[in-house]
Amino acid sequence: MTDRPLKQIHLAAHFPGVNNTTVWTDPASRSQIEFASFRHLAQTAERGRFDFFFLAEGLRLREVNGLIHDLDVVGRPESITVLGALAAVTTHLGLAATVNATFNEPYELARRFASLDHLSGGRAAWNVVTSSDAFTGANFRRGGYLDHADRYTRAAEFVQLTREFWDGEDVRHRGPQFDVEGRLPLPRPPQGHPVVIQAGDSDEGREFAAAAADIIFSRHSTLASGQAFHADVKRRLAAYGRKPDELKIMPGVTYVLGDTEDEATERAAEIRRAQVGPQTAIAFLEQVWGIDLSGHDPDGPLPAADPVADSTLVQGRTKLGDPLEIAARWRAVAAEKQLTSRELVIEVTGRQSFIGTPATVAAQLDAYVQNDAADGFILVPHLTPGGLDDFVDQVVPLLQERGVFRTEYTGTTLRDHLGLPVPGRR
Ligand SMILES: Cc1cc2nc3c(=O)[nH]c(=O)nc-3n(C[C@H](O)[C@H](O)[C@H](O)COP(=O)(O)O)c2cc1C
């Protein structure tokens, strides 16, 4: 490491309850829809002096074989509505909503985020996602109509227009995606432009982030892949006249704490078993195999049949890759380690990112940031809504002692927390 000053860590809280990291069997598990749950997690994050609170988005419930699959996605309220309510019960915490740029319109979205920024005193952030699978698109007038490359063309034009609306300009725009004229009925938001987050991983996604985003929510949560991703994206900034610290990289990470290393490891294994119950294991296999496996024994070997390509059995989930190739790889792992179907799913869906005592977890998080594998983390707890309590009580104080995390907010807006200036008018 060089002798540069210590980097400060940025922290965000991802609201759980909508994915298969959530453990529903824990007696402490509560509703993912009631306001009390959102308030608990947000106020815990603010007590921990986090940068922001984060809501993902899913526009259609996943289906298996034409039936709603309610094991891991059980519905969620609309994000900006939730954040508007949280703005009233928090004072400093940033409030980030994931909203799709493929199915919405710039004027409407600019208006909603500008409103949230005004009402919260400069704490709004927009996570721009583009996912446009036809299944989700069928919810909308235009349907699932954009190819992958066109989605980012649209997203770039969308964000540019949104910024013009935020600037309070008279917008007159004729482009490939939009034909709009007008202005927002609101003054420029307190942050100038609410913070823009990006969460795609393709080459187009990275380029879009380098051009237009303040934060990347990444999947690269190991040290080596984090460093490679960090170097790749930061290198792209210069072409847009931007400096490396103008874009923060925050991987989504999970963690498990224990009083000793052994206790944490044991708890982590227990949580993995709870996250991947027998039905979840079957649902996961169906996603790859593309055939009905409801009669398959999760405690026996992997299905003997080969997967079916281009199956529509599972809808509303990102495809993991070539099914035949994945199945071959998994068969090899299962044979080598003597795993049942369920054990295999536990194995290939990965362990938690950070496991240990509060001291070792704090040290690892710090090392990731100082060694440029990340600028901070979006923490994904496995329990709604109390999953961050132990982290805030036990890990945050240690990060503060290390001098790498704020002990008090030094500003009031999310841009203040991130060290990002208010952008000038364009
Ligand atoms: C860490 C991460 C989180 C994401 N969260 C969401 C989400 O909450 N809602 C959504 O519709 N898409 C989400 N996406 C999907 C991306 O926005 C994007 O549509 C998808 O990754 C395809 O773009 P890409 O090919 O550039 O990766 C997420 C992607 C990543 C990498």
Side-chain angles (χ1 to χ4, degrees), residues 10-22 32 52-62 72-80 82-83 95-104 109 125-140 144-156 158-159 196-222 225-226 228-230 232-233 236 247-254 315-321 349-350 353 373-381:
H10 297 284
L11 290 177
H14 183 296
F15 185 78
V18 288
N19 51 33
N20 57 6
T21 47
T22 308
Q32 88 292 357
F52 61 97
F53 174 93
F54 181 93
L55 290 172
E57 179 179 73
L59 292 168
R60 191 161 177 187
L61 295 179
R62 176 157 72 123
D72 58 359
V73 176
V74 280
R76 46 185 141 195
E78 192 279 316
S79 301
I80 298 180
V82 174
L83 297 183
L95 302 166
T98 301
V99 184
N100 196 291
T102 300
F103 304 118
N104 290 289
L109 217 117
W126 171 28
N127 179 32
V128 185
V129 295
T130 61
S131 39
S132 76
D133 64 285
F135 178 73
T136 303
N139 277 337
F140 296 87
Y145 69 111
L146 283 182
D147 286 343
H148 187 265
D150 290 344
R151 286 172 11 219
Y152 280 112
T153 312
R154 179 180 167 103
F158 196 125
V159 172
V196 171
I197 307 173
Q198 188 274 351
D201 197 30
S202 60
D203 193 57
E204 293 94 331
R206 293 177 186 205
E207 206 58 33
F208 168 64
D214 302 303
I215 299 172
I216 298 184
F217 176 16
S218 99
R219 285 202 179 99
H220 299 277
S221 59
T222 65
S225 86
F229 181 77
H230 190 280
D232 176 79
V233 175
R236 294 172 191 249
L247 176 64
K248 311 290 181 201
I249 297 174
M250 300 179 68
V253 299
T254 53
Q315 296 276 21
R317 266 285 154 121
T318 315
K319 298 262 182 286
L320 298 167
T349 50
S353 330
D375 298 314
F377 305 94
I378 297 187
L379 297 175
V380 188

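These numbers come from a predicted model, not from an experiment. No hydrogens, no waters, no symmetry mates; every other heavy atom, side chains included, goes into these values. Counting starts at 1 for both ligands and their atoms, following the listed order.
Distance from atom 25 (O) of ligand 1 to its nearest protein heavy atom, with residue and atom name: H148 NE2, 2.6 Å. With respect to atom 23 (O) of ligand 1, the closest heavy atom belonging to the protein is Y152 OH, 3.2 Å. The protein heavy-atom contact nearest to atom 16 (C) of ligand 1 is A199 O, 3.5 Å. Of all protein heavy atoms, the one lying nearest to atom 9 (N) of ligand 1 is E57 O, 2.8 Å. Protein heavy atom nearest atom 1 (C) of ligand 1, with residue, atom name and distance: F217 O, 3.6 Å. Among protein heavy atoms, the minimum distance from atom 12 (N) of ligand 1 is reached at S131 OG, 3.5 Å. Considering only non-hydrogen protein atoms, atom 27 (O) of ligand 1 sits nearest to D201 N, 2.7 Å.
Listed by chain and residue number, F140 satisfy the ring pair (Phe, Tyr, Trp, His ring centres under 6.0 Å) test with F103 (two or more places apart in sequence, or in another chain). Taking F53 as the reference, nothing meets the ring pair (Phe, Tyr, Trp, His ring centres under 6.0 Å) condition, with sequence neighbours excluded.
Comparing heavy-atom distances from atom 21 (O) of ligand 1 across G205, G252, G200 singles out G200 as nearest. When the options S202, A209, P251 are ranked by their closest heavy atom to atom 24 (P) of ligand 1, first place goes to S202.
Atoms of ligand 1 lying under 4.0 Å from any heavy atom of T130, numbered from 1 in the order shown and given with element: 17 (O), 18 (C), 19 (O). Residue-ligand proximity, A56 to ligand 1, at heavy-atom distances under 4.0 Å covers atoms 8 (O).
For V129, heavy-atom contacts with ligand 1 shorter than 4.0 Å involve the backbone as well as the side chain. Of all the heavy atoms of E204, none lies under 4.0 Å from any atom of ligand 1, so neither backbone nor side chain is involved.
Across P251 and S221, no two heavy atoms sit closer than the pair CB-CA, 4.2 Å.
Residue-ligand proximity: R151 is placed with a non-hydrogen atom under 4.0 Å from ligand 1. The closest approach between a heavy atom of F208 and any atom of ligand 1 is not below 4.0 Å.
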- Take D232 and R206 through the test salt bridge (Lys or Arg N to Asp or Glu O under 4.0 Å) and record every step on the way to the result. CA-CA 9 Å; D232 176 79; R206 293 177 186 205; 3.0 Å; yes
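Partner I216 forms a side-chain contact (heavy atoms from CB on, under 4.5 Å) with one of I197, V233, D201 and no other, that one being V233.
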